[in-house]
Amino acid sequence: MMVPAVLLLLGALTAVLAPRLIARADWPDHEPVVALWAWQCVVAAVLLCCVLSMTLSAAAAWQAVRGHVFAPAPRSVVEAYAWGATGPWAAATAVVLAFGGLWSGAMLVREVLRNRAGRRSRHAELRLRAPLLPGEESASGRLLVLEGERPEAWWLAGAAPQLVVTTAALRRLKGRQLDAVLAHEQGHATARHDWLLNCSTALATGFPQVPVFAAFRDEMHRLVELSADDMASRRFGRLTTALALVELNEDRGVFGPSPAPQAHVPQRVHRLLTPPGRLTPARRLRLTVAASLVPVVPVLVTLVPALRTLG
């Protein structure tokens, strides 16, 4: 039976070729939302190849699994997959891929728990830095100001999400720049970018030897910022958003000759000040449809023997 092997080969080719094609294209910086979707479809296709290969390998190795997988299928369809003598490789492949799936789930759970622990720690730190006075009720506004000498602003998720800014940031942010920062952070929250970052980090951490997962994590961190920048700039202008980025990051050395941490900030500012031309709606639609079809290919490969029989 060759279909599981073909699926693994297809997954490997997708993992190698698709990131290179996206990296060579010039449209991801123009359309970060489309690029985010394209990356998700590529990774989904790779994972789907592994899942389908695991399922068919398990069906080839064990009759009980085959009975459940092909329960509603006609006998001719079952025979079309030419199970035959599969040898020990089918069981070994199924076990290895199943372990990989469990490991991926464990890494995702660990990442979610780590983020929740970090959120609780930030809430505890916030209660220490901004304690409630006797008789004072918890603040319900969207903005919370903390005393601080370093310009900082971050979105504090929770039941009542808030934008937390320091007094140093307020002294630096002028006019509508604070509104742009708020719109940027709200863009992250609205699009649920935290889940994208959790999933990409979990895959990259769980499988550090797989380049496509490391590239997926790096691109997710970069593209979600570009997407949030666009959300803010559409409401408050590109210049205002770029100046807000400069004011918040100028003292961190990111604009120096060798900015190691947060090296993407200068590129984000340059992109806002020299905006790339957006793609036409027709091309955005074509790219979105093409990306959406990538995960369909493993499904079609899996169904080829059945479709030949029924056709």
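Side-chain atoms are counted along with the backbone in the values below, which use heavy atoms only and exclude waters and symmetry mates. All values reported here derive from a predicted model rather than from experimental measurement.
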### Query
Does the pair Arg271 and Asp230 meet the rule for a salt bridge (Lys or Arg N to Asp or Glu O under 4.0 Å), with working shown?
CA-CA 10 Å; Arg271 176 178 177 271; Asp230 287 347; 2.9 Å; yes
### Message
What verdict does the side-chain contact (heavy atoms from CB on, under 4.5 Å) test give for Gln40 and Leu196, after you've listed the backbone C-alpha separation in whole Å, the side-chain angles of each residue and the deciding distance to 0.1 Å?
### Response
CA-CA 9 Å; Gln40 291 175 72; Leu196 280 178; 3.4 Å; yes
Over all atoms of both residues, closest heavy-atom pair of [X] and [Y]:
| X | Y | result |
| --- | --- | --- |
| Ala90 | Ala60 | CB-CB, 4.1 Å |
| Ala94 | Trp62 | CB-CZ3, 4.0 Å |
| Ala45 | Pro298 | O-CG, 3.9 Å |
| Thr241 | Ala180 | OG1-CB, 3.9 Å |
| Pro28 | Leu223 | O-CD2, 4.1 Å |
| Arg217 | Ala204 | NH1-CB, 3.6 Å |

### Message
Could you walk me through whether Glu31 and Arg283 satisfy the salt bridge (Lys or Arg N to Asp or Glu O under 4.0 Å) test, starting with their C-alpha distance in whole Å, then the side-chain angles of each, then the deciding distance to 0.1 Å, before giving a yes or no?
### Response
CA-CA 11 Å; Glu31 301 292 344; Arg283 189 178 178 192; over 6 Å; no
Do you reckon [X] sits in the same ILVMFWY cluster as [Y], going by side-chain contacts under 4.5 Å, direct or chained?
| X | Y | answer |
| --- | --- | --- |
| Leu243 | Leu273 | yes |
| Trp39 | Leu226 | yes |
| Met231 | Leu178 | no |
| Val33 | Ile22 | no |
| Val297 | Leu307 | yes |

Please check this pair: side chain of [X] against backbone of [Y], looking for a donor-acceptor N/O pair closer than 3.5 Å.
| X | Y | answer |
| --- | --- | --- |
| Arg176 | Phe236 | no |
| Thr166 | Arg150 | yes |
| Ser104 | Gly100 | yes |
| Thr167 | Glu147 | no |
| Thr14 | Leu10 | yes |

Hey, is [atom1] on [X] packed in by over 12 heavy atoms from elsewhere, all under 6.0 Å?
| X | atom1 | result |
| --- | --- | --- |
| Arg235 | CZ | no |
| Trp195 | CH2 | no |
| Trp103 | CH2 | no |

Non-hydrogen side-chain atoms of [X] and [Y] separated by less than 4.5 Å:
| X | Y | answer |
| --- | --- | --- |
| Val265 | Arg268 | yes |
| Thr205 | Arg110 | yes |
| His264 | His221 | no |
| Asn115 | Leu197 | no |
| Val6 | Val301 | yes |
| Glu152 | Trp154 | yes |
| Phe216 | Pro19 | no |
| Val181 | Leu248 | yes |

Pairwise distance [atom1]([X]) to [atom2]([Y]) - rounded to 0.5 angstrom:
| X | Y | atom1 | atom2 | result |
| --- | --- | --- | --- | --- |
| Arg238 | Thr274 | CZ | OG1 | 8.5 Å |
| Thr240 | Lys174 | OG1 | NZ | 12.0 Å |
| Leu245 | His184 | CG | NE2 | 7.0 Å |
| Leu182 | Leu173 | CG | CG | 11.5 Å |
| Asn198 | Arg116 | CG | CZ | 9.5 Å |
| Phe213 | Cys199 | CZ | SG | 11.5 Å |

### Query
Does a side chain donor of either Trp37 or Ser292 reach within less than 3.5 Å of an acceptor in the other side chain?
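Yes, side-chain donor-acceptor contact under 3.5 Å.
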### Query
Could you go step by step and tell me if Asp218 and Arg222 meet the side-chain contact (heavy atoms from CB on, under 4.5 Å) rule?
CA-CA 6 Å; Asp218 295 340; Arg222 187 179 74 90; over 6 Å; no
### Task
Measure up the His188 and His193 rings against each other and bin them: parallel (under 30°), tilted (30 to 60°), perpendicular (over 60°).
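Perpendicular: the ring planes of His188 and His193 meet at over 60°.
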### Query
salt bridge (Lys or Arg N to Asp or Glu O under 4.0 Å) between Arg234 and Asp229: does it pass, once the steps are laid out?
CA-CA 9 Å; Arg234 280 195 289 268; Asp229 287 344; over 6 Å; no
### Query
Can you list the other members of the hydrophobic cluster that holds Leu21, where links are side-chain heavy atoms under 4.5 angstrom apart?
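Members other than Leu21 - counting any ILVMFWY side chain reachable under 4.5 Å - there are none.
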### Query
Is there a side-chain contact (heavy atoms from CB on, under 4.5 Å) between Thr93 and Leu8 once you walk through the steps?
CA-CA 10 Å; Thr93 302; Leu8 289 179; 4.2 Å; yes
### Task
I would like to know whether Leu285 and Val289 meet side-chain contact (heavy atoms from CB on, under 4.5 Å); could you show each step before the answer?
CA-CA 6 Å; Leu285 179 61; Val289 172; 4.1 Å; yes
